[in-house]
Amino acid sequence: MHGPLDPPEQTDPTDIPTRELDALRQEVDHIDDGILGLLAERRQVARKIAAAKQRAERPFRDDTREESLLIERLAAAGKYDLEPDLVSRVWEQIMADSLRVQFDFVQSTVNGRRDRISIAIQGVEGSNSHHAAIALTPDMQHRQYIACARFGDAMTAVRDGRANIAVLPIENTTSGAIAEVYDLLLDTKLSIVGEVKLHVNHCLVGVKGASISDLKTIHGHPQAVAQCSNFLAGLPDVEVIYANDTALSARRIAEIDNPTVAAIANEQAAEIHGLDVLAAGINNRKSNYTRFVAVAAEPVTVDPQVPAKTSLVLSVSNEAGALAEVLNAFRAEGVPLVKLESRPTVNNAWQEMFYMDFEGNIGDPRIQSVLEDVRRHTMYLRVLGSYPSRDLRPHRRSSPKPERIIQVSTPGPKPERDGEASDSSVRLAGRRDKKTETLIDINEVVIGGPELVMIAGPCAVESIDQVMKTAKAVKESGGKLLRGGCFKPRTSPYSFQGLGWEGVDMLAEAGRVYGLPIVTEVPAPEHVERMVEKADVLQIGARNMQNFALLTEVGRANRPVVLKRGMSASIDELLQAAEYILAGGNQRVILCERGIRTFETSSRNTLDLTAVPVLRRRTHLPVIVDPSHAAGDRELVAPLAMASAAVGAHGLMVEIHPDPTTALSDGPQALTLRDFDDLMQALSGRTSGS
Ligand code: PEP
Ligand code: MN
């Protein structure tokens with residue numbers, strides 16, 4: 001054996017006879033194998049240490065010990081005459097691995113351990129998603145894969161309970177964000193539960209005997225093609241065919257078995273399908289990484305000792321500088337933001353959704369207070385997940401809290417405590433922390449500003465003919481939104497209950513044809529997800545104003561909500577119901593006064609006109625009035641509508657019908673299409689007074 005410092009016996013390698021070189025290489029292989037064996041052994045001990053620390057209730061991280069160990073190791077390095085720099089770099093890696101093992105251990109005790117997992121991936125085994133899935137579930141004994149054609153299918157597999165997690169690529173260091181996955185995350189109820197970064201090394205693979213100069217066609221995933229664009233530009237005569245995933249394109253060319261056809265895939269896929277690597281590492285950038293996320297039906301809890309990352313999606317409020325205020329909230333608490341991505345909002349052109357990742361655990365009260373601050377400047381905010389971060393920075397200490405130096409808008413003096421606006425139960429709806437009015441933009445119709453916005457349509461959608469005729473009249477008379485009930489929560493079980501989803505499709509069709517956003521009632525929490533795909537505005541009916549499960553669900557939805565006042569609800573109760581929606585992250589709430597129950601019997605309900613100025617004083621949210629349900633009688637609708645405009649309503653919602661005598665619900669209060677036109681004339685020039 002040689003000591004580490006013994007000079008090599010031969011200085012010129014070409015002089016070493018082949019036999020001797022082979023022997024030395026074997027020796028080195030043996031040493032390397034020993035190093036790996038020791039690393040594996042060290043890992044096992046680290047796991048035991050983690051368990052022992054947990055039993056002893058000792059913290060997992062101990063910066064002082066880590067530092068003194070490093071010093072000891074550096075001192076020991078001198079003994080072997082190894083450079084301190086080498087030792088500290090190797091030591092850092094070993095420590096990072098040890099911590100990762102300990103964090104994985106503690107995490108598995110927090111969320112329950114399982115040894116079998118079903119994983120949905122886009123693509124087949126051998127794909128990069130497949131490798132990411134393995135990296136994301138390090139200690140799993142049995143993994144079963146559900147190969148999906150599209151990212152959305154992988155998410156559906158989790159939603160339907162066929163898979164425990166879906167593993168999806170979300171961004172790449174060369175080609176950027178994977179927009180489709182971001183958009184899917186916005187609409188899903190699934191949570192991000194983990195992330196991993198994978199080094200992606202693209203190769204050009206072909207059948208045995210193929211050569212690059214003979215190629216005519218290359219199959220590749222669009223992301224892979226984008227990441228190898230420079231290499232492909234050097235092959236101008238080759239046609240690129242897009243494939244669903246990298247591993248599948250390797251399989252396909254193995255089947256085609258033609259030396260003029262190649263694919264972009266990884267080395268493993270080439271091996272699985274018996275293909276040759278024609279060129280390796282063809283990505284534009286050598287450091288080509290893809291970040292994958294795992295999503296599951298339930299969020300995970302991250303142990304406070306484990307480094308966590310949290311992902312959010314939000315849209316900012318209409319106040320000037322709102323995005324800067326959001327960023328400031330993180331800065332003020334010294335919470336590092338690690339990612340900011342923006343995507344256009346579906347249904348609302350030029351309104352951006354911002355996706356943010358930051359270092360922090362949603363269970364940490366400090367992070368919760370940051371989010372509370374953030375919420376004040378957003379229209380919509382949802383936590384996509386808080387999960388263990390794999391980007392461990394082993395010797396990183398938390399940075400000191402910086403001074404808040406960017407002041408975008410100077411907050412004015414706190415309002416007088418008049419017993420109303422200072423009420424802590426209406427923290428988000430109240431005016432104490434939000435000085436500006438909330439403007440709700442629904443496809444360029446703005447509710448909450450000076451315009452008196454008219455919403456009209458039938459009480460219930462009855463047929464395509466009825467809803468088309470009504471929509472035409474709404475449009476022609478100047479109405480801005482089309483309403484129509486499809487799920488009708490009726491007082492009597494024998495009354496018409498609505499056409500359900502079939503009705504929603506009719507309403508959506510009429511809205512599409514006449515260019516009117518649609519408003520419809522969503523009756524139950526389990527209907528929300530589907531309704532979000534169909535309706536522009538969700539309505540919560542008076543009978544559901546305190547259905548807290550429903551309020552919570554629409555609070556997570558990325559759609560404006562018309563919240564109707566319960567027939568026996570006080571203004572405070574209405575505001576607190578709104579608070580549920582706001583606290584869920586959805587800031588686009590429109591309050592609707594629709595008459596309350598009093599001792600008076602000469603009208604269906606009593607329109608509480610006082611509620612309008614009271615609400616406008618107490619909340620920044622828009623306030624509209626539904627005179628139809630208040631009156632129950634079409635003759636009273638017009639005067640109540642005029643009165644509502646006079647007291648400052650931001651909009652009106654009225655029921656209209658092409659032939660009220662045949663209406664299946666609320667016929668007596670429905671205006672004819674002509675009456676509606678007259679009302680529109682009478683209201684012309686009226687504003688909300690804002
Ligand atoms: C409606 O607007 O269709 C409705 C049912 O109203 P409310 O919930 O106010 O009774
Ligand atoms: Mn009605």
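For ligands, and for the atoms within them, numbers begin at 1 and follow the listed sequence. The first residue in the sequence is number 1, and the count goes up from there.
Between R559 and N586, the side chains place no donor N or O within less than 3.5 Å of an acceptor N or O (distance only, hydrogens not considered). A donor-acceptor contact under 3.5 angstrom links the side chains of D675 and T672, judged on distance only.
If you check which protein heavy atom lies closest to atom 9 (O) of ligand 1, you get R594 NE, 2.6 Å. Nearest to atom 8 (O) of ligand 1 among the protein's heavy atoms is A542 N, 2.7 Å. With hydrogens left out, the protein atom closest to atom 4 (C) of ligand 1 is H629 NE2, 3.5 Å, a heavy atom. Closest protein heavy atom to atom 6 (O) of ligand 1: K564 NZ, 3.0 Å.
With contacts defined as side-chain heavy-atom distances shorter than 4.5 Å, the pair H650/I440 does not qualify. In this structure, S477 and M454 have side chains that are not in contact, with every pair of non-hydrogen atoms separated by 4.5 Å or more. Residues S317 and T378 fail the side-chain proximity criterion, which asks for heavy atoms closer than 4.5 Å. Side-chain contact between K475 and L482 is absent, with no heavy atoms from C-beta onward closer than 4.5 Å.
Residue contact annotation: Q539 has a non-hydrogen atom under 4.0 Å from ligand 1. Taking 4.0 Å as the cut-off, K488 counts as a neighbour of ligand 1 on heavy-atom distance.
When SG of C459 and NE2 of H629 are joined through the Mn ion (ligand 2), the resulting angle is 170° to the nearest 10°.
Of all atoms in ligand 1, numbered sequentially from 1 with element shown, those under 4.0 Å from a heavy atom of G541 are 8 (O). The contact set between ligand 1 and R543, taken as ligand atoms under 4.0 Å from a residue heavy atom, comprises 7 (P), 8 (O), 10 (O).
F330 and F358 have tilted rings, their planes meeting at an angle from 30° to 60° on a 0 to 90° scale.
Restricting E655 to its N, O or S atoms, the one at the least distance from the Mn ion (ligand 2) is OE2. Closest N/O/S atom of D666 to the Mn ion (ligand 2): OD2.
When R483, R604, E521 are ranked by how near their heavy atoms come to atom 3 (O) of ligand 1, first place goes to R483.
Interatomic distance, CG of L186 versus OH of Y355, reported as 4.0 Å (0.5 Å rounding).
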